[in-house]
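Below: one structure, written as structure tokens.
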Amino acid sequence: MTVRVRFAPSPTGFMHLGNARTALFNWLFARHHGGQFILRIEDTDRERHTEAAVQVIYDSLKWMGLDWDGPVLRQSERLSIYHEIAERLIAEGKAYRCTCTREELEAKKEAMKATMNRACYDRTCRDKNLGPDCGTHVVRFKMPLEGESTFDDMIQGKITKKYSDLDDFIMVRSDGMPTYQFAVVVDDLALEITHVIRGADHIDNTHDQIALYHALGKEPPRFGHAPRIDGLSKRKGSPSVEYYREALGLLPQGLINYIVRLGWSHGDDEIFTIPDLIKAFDVDGINRANGEFDEEKLKWVNEQQLRLVSLETLADHVLPLYEKKGVKLERGPELDKLLEMMRKRAHNLNEIVDDSMFIFRAPESYDEASVAKHFNAETPALLRELASSLSEVGTWNEAEIEAAFARVAASSGLKMGKIAQPARTAIVGIAQSPGIYEVVYFVGREETLARLERAAKFAETK
RNA sequence: GUCCCUGUCGUCUAGAGGCCUAGGACAUCGGCCUUUCACGCCGACGACACGAGUUCGAAUCUCGUCGGGGACGCCA
């Protein structure tokens with residue numbers, strides 16, 4: 001039996017992190033077992049499901065690298081199928097039409113709550129055998145009255161619920177649209193889904209759905225309910241893939257690595273490449289208790305991935321960010337060298353870009369603290385001596401640049417730190433940067449000399 | 001309220017009866033490295049929710065208590 005799983009989001013306009021993890025679990029499960037990962041858009045209800053919102057789903061999935069198999073299924077395109085199956089269940093006495101109004105329902109629930117201590121439908125229409133001409137109505141499922149529903153959850157183990165605690169849920173709304181509860185089963189059947197991995201908030205629904213499978217004479221798929229991610233809603237921005245990606249300068253590998261480990265583990269392993277994950281992932285590693293989202297650890301994992309991915313991959317993500325800043329860069333050994341230098345110290349993509357802008361733009365001002373600490377009366381002369389030494393460098397490379405610094409150190413009798421820090425302040429604008437020789441190399445000879453002279457003039461005024 | 005799931009350091013977790021005076025990771029604190037900032041390295045702090053049972057022996061099994069989350073929609 002080939003494994004077939006699906007990710008079935010409803011288009012809300014953003015990809016919630018919890019949803020992203022559900023998608024990831026399913027995708028990894030499919031890839032691990034050599035199965036298929038199907039994408040289905042749950043757009044049964046509402047006009048607010050815009051095309052733009054659907055596009056967000058595609059974009060997020062693509063960014064994460066979660067490719068899906070086969071065509072995308074849209075529930076909105078399958079209405080006649082739902083109707084057909086609903087009619088069949090009515091004809092077989094497994095479902096029924098109900099004409100109770102919303103107002104009546106509300107009153108009934110209140111009453112049931114008072115007498116039975118349970119808010120549910122009182123099944124007024126269950127045995128009325130209402131025909132299609134009964135006027136405005138919904139279609140309800142005829143839930144068994146006695147016994148219990150049990151299923152073996154791949155993550156949570158055996159889960160049992162009494163049928164008497166289950167309601168005659170609505171399958172088709174009065175406007176003719178199927179409810180989620182009904183459409184999911186019909187679609188999962190049509191798609192021949194073998195395993196359903198989803199959020200734990202669906203545990204109770206599962207009993208309804210399994211009852212439906214039985215009514216249809218079908219075997220239900222295996223279910224696995226993953227715990228929820230807590231601590232997400234109290235964030236400033238929307239707790240979405242898009243938000244964290246931008247705000248934290250995330251690499252998809254970073255997000256994926258963090259998110260998969262929140263609720264799943266493989267011994268003491270922390271950092272995984274995507275191929276690692278495909279090999280190691282399975283449902284038995286998924287935990288049962290909810291997890292608390294921790295932005296600090298997400299940052300750290302992302303940082304580790306920053307150092308792990310190929311320079312080509314890194315360039316893919318960093319090039320557009322540079323372009324946003326008005327810096328167009330070409331791929332090649334120079335860019336690789338730049339990224340190699342930056343990825344060692346940066347915590348995220350944004351930092352790589354921001355902290356390397358000094359290469360492309362001369363400082364507009366000098367950091368006050370740096371100036372106070374590293375500039376003094378001798379600074380102008382020192383910077384000019386360094387400039388002169390650098391102008392004599394033959395081949396422009398780090399070794400030669402270092403030699404130029406060493407000559408200044410020898411002639412001035414100053415320790416390297418006393419030269420590097422003023423130079424750094426002069427060239428970068430602040431006394432914090434990558435190694436000074438690399439900095440000088442990337443800024444280039446002409447520009448370095450210009451910046452040194454400008455800083456020397458500035459230092460004279462102090 | 002009823003029902004369902006769940007409970008190891010602040011957080012993510014290892015742990016499937018003796019290997020546990022409970023291991024790893026993030027964060028925090030201290031130190032080292034260093035021309036800066038980072039990185040890296042070393043160390044410290046820090047948990048089996050509680051109570052009964054089962055057993056020679058329990059973080060691991062059972063029950064109860066308490067805590068956390070979820071479901072109770074003509075939302076998905």
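Remember, it's a predicted structure, so these values are computed and weren't measured experimentally. So that the names make sense, note that chain A is the first sequence line, chain B the second, and so on, each numbered from 1.
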Task: Whole-Å distance separating the CD atom of A:Gln421 from the P atom of B:U36 - done: 6 Å

Open item on the list: Tell me the interatomic distance from A:Lys415, atom NZ, to B:U34, atom P, rounded to whole angstroms.
Closed with: 12 Å

Task: Pairing of A:Glu340 and A:Arg345 as salt bridge, 4.0 angstrom limit - done: no

Task: Atom NZ of A:Lys94 with >12 non-hydrogen neighbours under 6.0 angstrom - done: yes

Open item on the list: When you measure only distances, ignoring hydrogens and angles, does the side chain of A:Asp204 come within 3.5 Å of the base of B:G70 through a donor and an acceptor?
Closed with: yes

Task: Rounded distance in Å between the P positions of B:A16 and B:C56 - done: 22 Å

Open item on the list: Ignoring hydrogens and geometry beyond distance, is the side chain of A:Lys297 in donor-acceptor contact with the base of B:A25 at under 3.5 Å?
Closed with: yes

Task: Base B:G24 paired with A:Glu270 side chain (donor-acceptor, <3.5 Å) - done: yes

TODO: Let me know, please, whether A:Lys418 or A:His266 comes out on the 5' side of the other along RNA chain B by nearest nucleotide.
DONE: A:His266

Open item on the list: Both A:Gly267 and A:Glu296 contact RNA chain B. Taking the nearest nucleotide for each, which residue is further toward the 5' end?
Closed with: A:Gly267

- [ ] Could you tell me whether the phosphate oxygens of B:U11, OP1 or OP2, come under 4.0 Å of any side-chain nitrogen or oxygen in A:Arg261?
- [x] no

Task: Side-chain ion pair, A:Glu87 and A:Arg97, N-O less than 4.0 Å - done: yes

- [ ] Just name whichever nucleotide pairs with B:U11, Watson-Crick or G-U, keeping both distances under 3.5 Å, else none.
- [x] B:A25

TODO: Select base, sugar-phosphate, or nothing to describe what A:Cys98 touches, counting heavy atoms under 4.0 Å on all strands.
DONE: nothing

Task: Within 6.0 Å of CD in A:Gln55, more than 12 heavy atoms from elsewhere - done: yes

TODO: Tell which nucleotide pairs with B:G30, taking only Watson-Crick or G-U wobble pairs whose two distances are both under 3.5 angstrom.
DONE: B:C42

Task: A:Gln304 side-chain N/O to B:G40 phosphate OP1/OP2 under 4.0 Å - done: yes

- [ ] May I ask you to evaluate whether A:Ser265 reaches the phosphate of B:A14, defined as a side-chain N or O under 4.0 Å from OP1 or OP2?
- [x] yes

- [ ] Could you tell me which nucleotide pairs with B:C72 by Watson-Crick or G-U wobble geometry, both distances under 3.5 Å, or answer none if nothing does?
- [x] B:G1

- [ ] For the pair A:Arg424 (side chain) and A:Ala431 (backbone), establish whether a donor and an acceptor sit closer than 3.5 Å, ignoring hydrogens and angles.
- [x] no

- [ ] With a 3.5 angstrom cut-off on both distances, give the Watson-Crick or G-U wobble partner of B:A52, or none if there isn't one.
- [x] B:U62

TODO: Inspect the contact between A:Glu402 and A:Arg407 and indicate whether a charged nitrogen and a carboxylate oxygen are less than 4.0 angstrom apart.
DONE: no

Open item on the list: Under 4.0 Å, heavy atoms only, any strand: does A:Glu303 hit a base, just the sugar-phosphate, or nothing?
Closed with: sugar-phosphate

TODO: Tell me what A:Tyr437 touches on the nucleic acid: a base, only sugar-phosphate, or nothing, going by heavy atoms under 4.0 Å.
DONE: base

TODO: Answer yes when A:Arg261 and A:Glu270 have at least one side-chain N-carboxylate O distance shorter than 4.0 Å, and no when they do not.
DONE: yes

Open item on the list: Looking at A:Arg288, I'd like to know whether one of its side-chain N or O atoms comes within less than 4.0 Å of OP1 or OP2 on B:U6.
Closed with: yes

- [ ] Report which part of the nucleic acid A:Ala289 touches: base, sugar-phosphate, or nothing (heavy-atom distance under 4.0 Å, all strands).
- [x] sugar-phosphate

- [ ] For the pair A:Asp168 and A:Tyr96, evaluate side chain to side chain donor-acceptor pair (under 3.5 Å) and give the outcome as yes or no after the intermediate values.
- [x] CA-CA 9 Å; A:Asp168 284 359; A:Tyr96 62 94; 2.7 Å; yes

TODO: Round to a whole Å and report the spacing from CD1 of A:Ile436 to P of B:U34.
DONE: 18 Å

Open item on the list: Measuring from the side chain of A:Ile159 (C-beta onward, heavy atoms only), which nucleotide among B:C5, B:A76, B:U13 has the closest atom?
Closed with: B:C5

Open item on the list: Suppose we call a contact any N or O donor and acceptor under 3.5 Å apart; does that hold for the side chain of A:Thr179 and the base of B:C74?
Closed with: no

Open item on the list: Categorize A:His207 for me: base, sugar-phosphate, or nothing, with a 4.0 angstrom heavy-atom threshold over every strand shown.
Closed with: nothing

Task: Rounded distance (Å) that lies between atom P of B:C12 and atom CD of A:Glu292 - done: 6 Å

Open item on the list: From CZ of A:Phe272 over to P of B:U13, roughly how many Å is that when rounded to an integer?
Closed with: 13 Å

TODO: Go through the N and O atoms of the side chain of A:Arg424 and the base of B:U36, and report whether any donor-acceptor pair is under 3.5 Å.
DONE: yes

Open item on the list: Looking at the base of B:G23, is there any donor atom on it, or on the side chain of A:Asp268, that sits under 3.5 Å from an acceptor on the other one?
Closed with: yes

- [ ] Sticking with atom C1', work out how far B:G53 lies from B:G17, rounded to a whole angstrom.
- [x] 15 Å

- [ ] Measure from CZ on A:Arg198 to C1' on B:C4 and round the result to the nearest Å.
- [x] 14 Å

- [ ] Tell which nucleotide pairs with B:A47, taking only Watson-Crick or G-U wobble pairs whose two distances are both under 3.5 angstrom.
- [x] none

TODO: Using a 4.0 Å heavy-atom cut-off across all strands, classify A:Ser10 as base, sugar-phosphate, or nothing.
DONE: sugar-phosphate

Task: OP1 or OP2 of B:A38 under 4.0 Å from side-chain N/O of A:Gln432 - done: no

Open item on the list: Counting the atoms with a prime plus P, OP1 and OP2 as sugar-phosphate, which does A:Thr160 contact under 4.0 Å by heavy atoms, base, sugar-phosphate, or nothing?
Closed with: sugar-phosphate

- [ ] Look at A:Arg228 and B:C5 and indicate whether a side-chain polar atom (N or O) is within less than 4.0 Å of OP1 or OP2.
- [x] no

Open item on the list: Just the rounded figure in Å: distance from C1' of B:G70 to NE2 of A:His225.
Closed with: 11 Å

- [ ] Find the distance A:Ile203:CD1 to B:G68:C1' and express it as a whole number of Å.
- [x] 14 Å

Open item on the list: If I pick the P atom on B:U34 and the same atom on B:C29, what distance separates them, to the nearest angstrom?
Closed with: 23 Å

Task: Any A:Asn287 side-chain N or O less than 4.0 Å from OP1/OP2 of B:A14 - done: yes

